[in-house]
Amino acid sequence: MHTMTEESTRSVLRDLGIEDRNPGGFAGEWIGSGRAVPVISPLDGEPLASVAQVTGEDLEILLDRCRRAFLGWRQVPAPKRGEAVRSLGEELRAHKENLARLVSLEMGKTLRESLGEVQEMIDVCDFAVGLSRQLYGLTMPSERAQHRIQEQWHPLGVVGVITAFNFPVAVWSWNAALALVCGDTVLWKPSSKTPLTAVAVTRIARRVLERHGHDPAVCSLAVGKGSEIGDLINADPRVALVSYTGSVPGGRHVGRMVQERFGRLILELGGNNAVIVSDKSDLDIALRSVYFGAIGTSGQRCTSTRRVIVHESVYDEFTARLGALYARTSIGDPLDDANLMGPLVDRKAVATMIEAIEAAKAQGARVLMGGETLRLRGGCYVTPCLVEAPAGLPIAREETFAPVLYLMKYRTLEEAIAVQNAVPQGLSSAIITNDLRESERFLSAAGSDCGIANVNTGTSGAEIGGAFGGEKETGGGRESGSDAWKAYMRRQTNVLNFSGRIELAQGIRLDV
Ligand code: NAD
């Protein structure tokens with residue numbers, strides 16, 4: 001059992017409209033003719049409720065309705081679409097506490113982090129409301145007299161949003177809030193590990209859209225297996241853009257399928273994020289940044305700190321102090337505010353962590369502490385693991401989605417940056433230093449090769465304002481923040497001639 005009683009769990013589910021058995025498809029009305037799959041809480045191994053999967057035939061209906069909803073939605077003025085997104089943010093504020101509790105119950109992150117995740121949804125709604133009046137095109141001077149050139153941005157179509165389990169609601173909102181103001185409709189395929197939060201959010205979105213007099217199929221949902229429903233979405237030309245958040249192998253497969261039909265793609269894939277701790281750093285800042293980055297969300301963030309590259313002169317002190325923090329980590333029920341770490345998402349994740357630690361040992365690394373499974377209330381709990389890694393440890397090139405942190409030593413900054421960049425992934429990175437020259441070198445063209453590079457703050461915990469995403473095997477996509485909205489629209493260039501005669505560009509003569 002966890003700190004929430006059966007009655008309070010029921011009241012959370014009731015408030016969010018979750019029944020014992022829920023249809024997993026929505027596009028104006030709820031459908032789900034497939035098998036009902038129970039959702040097991042990683043907190044105690046108990047079922048929370050079940051969700052009926054959508055079948056291929058269901059998906060056909062859902063896509064058709066979602067596409068039809070697009071034909072109306074694209075004509076709604078963008079600031080009016082923004083008003084609906086503002087109401088969505090308000091509704092999320094009203095349900096913040098319960099939605100956060102459901103996130104914790106369903107995937108196991110601590111309630112503080114779940115509250116942060118729902119806050120992120122609210123923040124991105126606010127961001128998108130402002131954006132709904134700022135979808136600016138450009139005008140440029142024409143080389144031809146009495147001509148004008150302009151660029152304008154039009155809605156794109158249905159956006160297939162395929163999300164990972166670890167941010168079960170925020171990733172949808174990064175995409176959906178932008179897509180909605182851009183005039184797109186959204187078909188969400190959530191992770192099969194976290195369909196209940198998706199059902200809850202879709203219920204909220206439906207209410208908001210209906211209240212504003214819009215077609216609720218603007219925010220559609222399809223719960224089903226990636227290899228079945230996901231593949232149908234990847235292949236369907238009605239889905240103009242597939243925004244995929246998940247693992248690198250998954251992204252490689254989705255990328256190939258969508259590219260095959262020249263569909264648009266946003267890929268937000270795995271990371272292998274490192275922090276460089278300089279001898280010129282404030283070690284307190286370094287410790288806190290690395291500690292939270294490595295154990296937060298039980299190491300199940302795409303931006304989790306997986307490697308720490310420490311200057312040899314401070315390595316022993318840093319490692320000893322980090323070990324002391326690790327030893328004090330309170331692990332258990334994520335709904336209990338006393339705990340900093342909840343469970344992993346499921347038993348498979350626990351097995352993957354143990355396998356990675358065994359591989360590290362076999363490859364010559366030394367486990368300093370942690371990496372044990374904890375028999376707590378039938379849940380998927382582990383202790384966070386510190387591993388001293390020799391340079392080039394093969395397993396440290398992979399993303400193990402668990403709290404395993406590899407510690408490495410360096411002598412020169414060039415060497416540290418080279419080690420940090422010597423992995424296939426390129427999501428997030430950080431340097432902890434008080435030396436301006438070091439931080440500037442880290443941020444320069446010859447520095448970190450990641451999509452995110454921070455100074456004196458860790459790799460995890462991005463704000464919604466900056467463009468979010470990474471390079472190399474992380475996929476190159478940017479789902480939210482800054483000018484990421486452009487990926488959700490189609491750009492059109494217009495030449496307008498008001499000269500009263502026809503003239504070709506580049507001075508080409510047309511004598512007829
Ligand atoms: P996953 O790859 O197992 O699943 C992600 C999603 O893909 C799920 O919804 C799954 O059902 C779906 N899927 C599976 N097969 C598919 C197919 N053939 N076609 C379409 N969809 C398919 O990932 P996960 O375990 O849920 O999440 C963890 C991974 O996600 C980690 O690698 C993490 O780094 C990454 N992630 C990246 C970001 C980012 O922004 N870069 C954010 C969160 C998570």
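Worth saying up front: this structure is predicted, and the values here are computed from it rather than measured. Ligands are counted one by one from 1 in listed order, and the atoms in each one are counted from 1 as well.
When atom types are taken as modelled, the side chain of R307 and the backbone of R397 share no donor-acceptor pair closer than 3.5 angstrom. Here the side chain of Q420 pairs no donor or acceptor atom with the backbone of S429 at under 3.5 angstrom. Side-chain atoms of T400 never come within 3.5 Å of backbone atoms of A402 as a donor-acceptor pair (strictly under, hydrogens ignored). Between the side chain of T459 and the main chain of T303, a donor-acceptor pair closer than 3.5 Å is present.
With G251, C302, G451, P190 as candidates, the residue nearest to atom 37 (C) of ligand 1 on a non-hydrogen basis is C302. Between A198, G469, G246, P168, it is G246 that holds the heavy atom closest to atom 30 (O) of ligand 1. The residue from M107, E399, K193, E228 that puts a heavy atom closest to atom 34 (O) of ligand 1 is E399.
When hydrogens are left out, the protein atom nearest atom 17 (C) of ligand 1 is G226 O, 3.1 Å; that is the closest non-hydrogen contact. The nearest protein atom to atom 19 (N) of ligand 1, hydrogens excluded, is given as N234 ND2, 3.0 Å; this is a heavy-atom distance. Distance from atom 28 (C) of ligand 1 to its nearest protein heavy atom, with residue and atom name: F401 CE2, 3.5 Å. The protein heavy atom nearest to atom 3 (O) of ligand 1 is S247 OG, 4.4 Å. The protein heavy-atom contact nearest to atom 40 (O) of ligand 1 is F468 CE2, 3.1 Å. In terms of protein heavy-atom proximity, atom 27 (O) of ligand 1 is closest to A164 CB, 3.2 Å.
Which parts of ligand 1 touch I162 is read off a 4.0 Å heavy-atom cut-off, strictly below it: atoms 6 (C), 7 (O), 9 (O), 12 (C), 20 (C), 21 (N). Atoms of ligand 1 lying under 4.0 Å from at least one heavy atom of N166, given by number and element, are 43 (C), 44 (C). Heavy-atom contacts of V254 reach the following atoms of ligand 1: 19 (N), 20 (C) (cutoff under 4.0 Å). The K189 neighbourhood of ligand 1 comprises atoms 9 (O), 10 (C), 11 (O), 12 (C), with distances under 4.0 Å to a heavy atom of that residue. Shown in contact with G230 at under 4.0 Å from a heavy atom are these atoms of ligand 1, numbered in order with element: 19 (N), 20 (C), 21 (N). Atoms of ligand 1 found under 4.0 Å from any heavy atom of D231 (numbered from 1 in listed order, with element): 17 (C), 18 (N), 19 (N). Heavy-atom proximity to T163, at under 4.0 Å, picks out these atoms of ligand 1: 5 (C), 6 (C), 8 (C), 9 (O).
Side-chain atoms of T245 and E479 form a donor-acceptor pair, as typed in the model, at a separation below 3.5 Å. For the residue pair E106 / T194, no side-chain donor-acceptor distance below 3.5 Å is found, with atom types taken as modelled. Residues E372 and T383 have side chains that bring a donor and an acceptor to within less than 3.5 angstrom of each other. Side-chain polar atoms of N166 and R301 form no donor-acceptor pair below 3.5 angstrom.
We find that D449 and K472 are joined by a salt bridge, their nearest charged nitrogen and carboxylate oxygen being less than 4.0 Å apart. Salt bridge present: E97 and R101 bring a charged side-chain N and a carboxylate O closer than 4.0 Å.
The two residues P168 and F165 make their nearest non-hydrogen contact at CD-O, 3.2 Å.
Not a single N or O atom of R301, backbone or side chain, sits closer than 3.5 Å to an N or O atom of ligand 1. Residue-to-ligand polar distances keep W174 apart from ligand 1: every N/O pair is separated by 3.5 Å or more. Of the N or O atoms in T474, none lie within a sub-3.5 Å distance of an N or O in ligand 1. Residue L269 has at least one nitrogen or oxygen atom sitting less than 3.5 Å from a nitrogen or oxygen atom of ligand 1, judged on distance alone. Ligand 1 has no nitrogen or oxygen under 3.5 angstrom from a nitrogen or oxygen of S192. For a threshold of 3.5 Å applied to N or O pairs, the pair formed by K225 and ligand 1 contains no separation below that value. The shortest N or O to N or O distance between E268 and ligand 1 is under 3.5 Å. Considering backbone and side-chain N/O atoms, T245 never comes within less than 3.5 Å of an N/O atom of ligand 1.
The aromatic rings of F468 and W174 are tilted relative to each other, their planes meeting at an angle between 30° and 60°.
With a 4.0 Å cut-off on non-hydrogen atoms, Q300 does not touch ligand 1 at all. When heavy-atom distances to ligand 1 are checked against a 4.0 Å cut-off, Y244 comes that close only through its side chain, counted from C-beta outward. Contacts between P249 and ligand 1 below 4.0 angstrom, taking non-hydrogen atoms only, are absent altogether.
Shown are T297, T329, T110; of these, the side chain to side chain contact (heavy atoms under 4.5 Å, CB included) with M341 is made only by T329. The one candidate from N175, L156, L135, L180 that meets the side chain to side chain contact (heavy atoms under 4.5 Å, CB included) condition with Y488 is N175. Across V242, V239, L267, D236, a single residue satisfies side chain to side chain contact (heavy atoms under 4.5 Å, CB included) together with V258, and that is V242.
Ligand 1 has no atom lying under 4.0 Å from any heavy atom of V171. Using 4.0 Å as the threshold, F165 has a heavy atom nearer than that to some atom of ligand 1.
Within a 6.0 Å sphere centred on CZ of R264, other residues, nucleotides and ligands contribute more than 12 heavy atoms.
Remark: K189 fails to qualify as a cation-pi partner of Y244 under the 6.0 Å distance and 45° angle criteria applied to the six-membered ring.
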